[in-house]
Amino acid sequence: MTTAPTARKNAVGTSHTRVEGRDKVTGAARYAGEIPFADLAHGWLALSTVARGRIRSVDTAPVLAMPGVVAVLHHGNAPRVRTDYIGLLGVPDPTATVFQHDRVPHLGWPVALVVADTSEQAREAAEALVVHYEQEPHDVTFTGEHPDAYPLDSHAPAVVEKGDLEAELAASAVVVDAEYTTPEEHHNPMEPHGATARWDGGRLELVDSNQGTTWVAGELAQMFSLDPSAVRVRSEHVGGGFGSKGVRAHQVAAVMAATELQRPVRVIMTRRQMFSLAGYRSPTRQRLRLGADADGRLRALEHRSLSATSTVHEFIEPAAGPARTMYAAAAHHTRNQLVRLDVPTPTWMRAPGEAPGSFALESAFDELAEKCGIDPIELRVRNEPETGPVSGLPFSGRNLIACFREGARRFGWADRDPRPGLRREGRWLLGTGTAAASFPAGAGPSTAAVTAEADGTFTVRVNAADIGTGARTAMTLVAADTLETVPEKVRVRIGDSDLGPAFIAGGSMGTRSWAWAVTIAAAELRERLALGVGIPPEGVTVRSDTTEAIGALERKERHSFGAQFSEVAVDVATGEVRVRRMLGIFAAGRIVNPLTARNQFVGGMTWGISMALHEEAVRDRASGGTYGADLAGYHVAAHADVPAIEADWIDDPDPDDPVGIKGIGEIGIVGAAAAIANAVWHATGVRHRNLPIRPDRVLMAGTRA
């Protein structure tokens, strides 16, 4: 008796544990700061103790006499690097090009690197280093009426104006005019930023923790005037990034020291140093003006956002951007402005623009629903645009309302009494809230190589960066399906600039960009093998490049969407806010691996709890520094703050993507804080427009219950 063969099950769409999971939990996976090197020296950054001024002198002699110290690099003796170039993501942040001048633009600016034989010796010497400054007055105060604010065109126009705003507001039956604020927030991934630089046969090698080795290698080659082929960057395992792990001071300092000493040098940031050197989310002040007819249909939408940047580099938090996608109006005005302060440079932080922008926009929409006497979900249905509200382009897919309908059914929204302050359990007031989410679905040029090995297995080489998202596993599943084999026969190599150029892990574009390249290469390889081509000992390899293929994406608006739901309990005696349950329903393309995808959605929603109720970096006006620059003083949501969070999705493949992917890394945080803030209003009858919603703010605002 013979058994009929079973059909091969698709790998994509089936939950799969991480292919490197065992290595990570057993310690076999080595991170950037753990990989051994012979004759390794250790560098320790010394940071400025003033917020603005000039370095008058650096007392290096006493430090050089300390045990194990081999060098002290500073602006007077460090190698010169280029700053006049355009990198992968634009003009480089001068914070990375360290020790080039005597200016100090903020507290915590790198002023020297002390290198010693051991990490302990380097730290002791760096803390003993005396630097003399010529101190100048500084300004770190972020206000909504700063006279030097200006618009900045970054990756999109800063100012977009359509229609007569004032006329449409005057003709509106209902108007919402409110200001919302979000504070400075920090990424601080579990693994600190660390890099080891060495020269090997005339070639620079950097072992790093980053979000794209193509990016970092390209920047270093230009900074140090090297041929791109003379730089190799490896980043095999990354313990979190969230936008912060790009080109930073520690990498450049390590390369400088390795060049000067001709031995490997490792530089790792401390947790406190990360608060001034790793970037952060800028605070924002946002003004929303919404005008609508009596039935809730928008006539006017104005969203103005102000964020802060440093005096050395322009980085803008484009919080007004989401309004250009979400809702249409006859008059549609959005503006992103910037003010320079004596602070470190902000950077990308999970859902830059969308996270703080959705808090303001979706809170204002809830206020409009209240004023109109319309259910918040119904208000969004009535304002669903047919095409891009600003671009006029068709949507590749827009399943926002489907997310709301499915979420409302599962959350029990129909049973909600819209009147605030009515539900109570003992000392707790209960409320529910909702908000919409969106995030762009783009892709970047990437290459990949797929090899059919003589033993019947396959090797995929793609310069992806797995920053905890499960990229290795996703590429394994995508390749297995395209090759019509099982995941166990596919090996994936990532995180090495020698593998060829590939897009970064950022903007929710990583998996989509890499999977596209892998799919093209694997499909061609499968066709070759179908012709009966023999496989030599070195294997058969096919390479791909998606640069031309992704050009068609620009002809449509492409976004992931979602609906966030939250229930909160508010203690009227203490002001404590507890999130009791959250539900997120998303339309985010084809889901490659449900196991890691749900992890990403839930992780983003957890960030939303943290953003709404806990996270707030406060600057000391006197010193210019951050109070409590560590994970004890900077509060984040902990286990007791996070309830059972449910995340799910609806079928939403992108028709123009070979796998149907859109991207999910960031949309989980978008709208989450607004859903919680709207639930707090429903519980208490009081609006909270300033994050975080701390107990003292709840007590001071009181309740209408």
Side-chain angles (χ1 to χ4, degrees), residues 44-59 73-76 78 83 93-114 126-150 181 183-188 193 244 248-250 252-253 269-285 306-317 338-347 349 616-630 633-634:
W44 203 276
L45 288 166
L47 308 185
S48 68
T49 56
V50 302
R52 181 172 176 169
R54 291 185 180 275
I55 301 169
R56 288 198 288 112
S57 62
V58 183
D59 293 347
L73 296 182
H74 54 85
H75 72 280
T83 58
D93 180 357
T95 301
T97 53
V98 292
F99 316 141
Q100 299 300 293
H101 53 76
D102 65 353
R103 292 291 309 172
V104 175
H106 62 77
L107 189 76
W109 174 263
V111 294
L113 180 77
V114 178
E127 292 176 350
L129 182 67
V130 175
V131 180
H132 301 278
Y133 302 95
E134 184 179 298
Q135 193 168 355
E136 300 172 4
H138 63 265
D139 179 13
V140 299
T141 305
F142 180 70
T143 63
E145 302 298 328
H146 204 288
D148 297 327
Y150 62 98
T181 69
E184 179 181 316
E185 299 170 341
H186 287 258
H187 320 61
N188 267 281
H193 297 57
S244 73
R248 300 287 172 208
H250 68 292
V252 179
M269 291 188 198
T270 67
R271 184 66 62 184
R272 294 184 68 85
Q273 287 176 345
M274 288 166 63
F275 276 83
S276 62
L277 297 181
Y280 58 95
R281 197 193 305 280
S282 165
T284 70
R285 300 187 77 93
L306 177 68
S307 61
T309 192
S310 70
T311 60
V312 298
H313 186 59
E314 290 179 318
F315 181 90
I316 194 163
E317 183 77 20
L338 198 61
V339 62
R340 288 180 178 272
L341 298 173
D342 300 313
V343 297
T345 306
T347 194
M349 181 168 168
E616 181 180 26
V618 179
R619 291 213 166 262
D620 176 16
R621 294 188 182 185
S623 71
T626 303
Y627 286 111
D630 50 47
Y634 181 76

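Note that the coordinates shown come from a computational prediction; the quantities given were computed from them, not determined experimentally.
Residues Val50 and Val104 share a closest heavy-atom pair of O-CG1, 3.5 Å. Nearest heavy atoms, Ser276 versus Pro344: O-CB, 3.4 Å. Shortest non-hydrogen contact noted between Ala126 and Val114 is CA-CG2, 3.7 Å. Residues Pro94 and Val312 come closest through the heavy atom pair CG-O, 3.2 Å. Shortest non-hydrogen contact noted between Ala78 and Phe99 is CB-CB, 3.6 Å. In terms of heavy-atom proximity, Val140 sits nearest to Asp342 at CG1-O, 3.3 Å.
Using a distance-only test at 3.5 Å, with no hydrogens or angles considered, a donor-acceptor pair links the side chain of Ser48 to the main chain of Trp109. The closest donor-acceptor contact from the side chain of Asp148 to the backbone of Tyr150 lies at 3.5 Å or more, if one exists at all. Using a distance-only test at 3.5 Å, with no hydrogens or angles considered, no donor-acceptor pair links the side chain of Arg271 to the main chain of Asp630. With hydrogens and angles disregarded, a donor-acceptor distance shorter than 3.5 Å links the side chain of Gln273 to the backbone of Leu45. Panel note: side chain Ser310, backbone His313; a donor-acceptor pair is recorded below 3.5 Å. The main-chain N or O of Thr345 is never found under 3.5 Å from a side-chain atom of Thr309 such that the two would form a donor-acceptor pair.
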TODO: Apply side chain to side chain donor-acceptor pair (under 3.5 Å) to Glu184 and Tyr634, showing your working.
DONE: CA-CA 11 Å; Glu184 179 181 316; Tyr634 181 76; over 6 Å; no
- [ ] For the pair Ile55 and His75, evaluate side chain to side chain contact (heavy atoms under 4.5 Å, CB included) and give the outcome as yes or no after the intermediate values.
- [x] CA-CA 9 Å; Ile55 301 169; His75 72 280; 3.7 Å; yes
Task: side chain to side chain contact (heavy atoms under 4.5 Å, CB included) assessment of Glu314 paired with Arg340 - done: CA-CA 8 Å; Glu314 290 179 318; Arg340 288 180 178 272; 3.0 Å; yes
Task: Test log, rule side chain to side chain contact (heavy atoms under 4.5 Å, CB included), inputs Val58 and Val111 - done: CA-CA 9 Å; Val58 183; Val111 294; over 6 Å; no
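Looking at Arg56 and Arg54, their side chains never come closer than 4.5 Å, going by heavy atoms from C-beta outward. Annotation: side chain of Asn188 is in contact with side chain of Phe275 (closest heavy-atom distance under 4.5 Å). Put simply, the side chain of Leu113 does not reach to within 4.5 Å of the side chain of Trp44, judged on heavy atoms. Using a 4.5 Å heavy-atom threshold, the side chains of Asp139 and Arg52 count as separate. The closest side-chain heavy-atom distance from His186 to Met274 is not below 4.5 Å. In this structure, Leu47 and Leu277 have side chains that are in contact, with non-hydrogen atoms separated by less than 4.5 Å. Glu317 places a side-chain heavy atom less than 4.5 Å from the side chain of Arg281. Phe315 places none of its side-chain heavy atoms less than 4.5 Å from the side chain of Asp93.
Cation-pi geometry between Arg619 and Tyr280 is satisfied (NZ or CZ under 6.0 Å from the ring centre, within 45° of the ring normal).
Rounding to the nearest 0.5 Å gives a distance of 9.5 Å between CG of Asp620 and OG1 of Thr626. Rounding to the nearest 0.5 Å gives a distance of 8.5 Å between CG of Leu341 and OG of Ser282. The distance from atom CG of Leu306 to atom CG of Leu338, rounded to the nearest 0.5 Å, is 7.5 Å. Rounding to the nearest 0.5 Å gives a distance of 11.0 Å between OG1 of Thr347 and CE of Met349.
Take Thr270 and apply the side-chain hydrogen bond (donor to acceptor under 3.5 Å, both in side chains) test, not counting sequence neighbours, and it matches no residue. Ser244 pairs by the side-chain contact (heavy atoms from CB on, under 4.5 Å) definition with His187, Pro189, His193, not counting sequence neighbours.
A donor atom on one side chain and an acceptor atom on the other are not found under 3.5 Å apart for His138 and Glu136. Looking only at atom types and distance, the side chain of Thr311 has no donor-acceptor partner in the side chain of Arg103 under 3.5 Å away.
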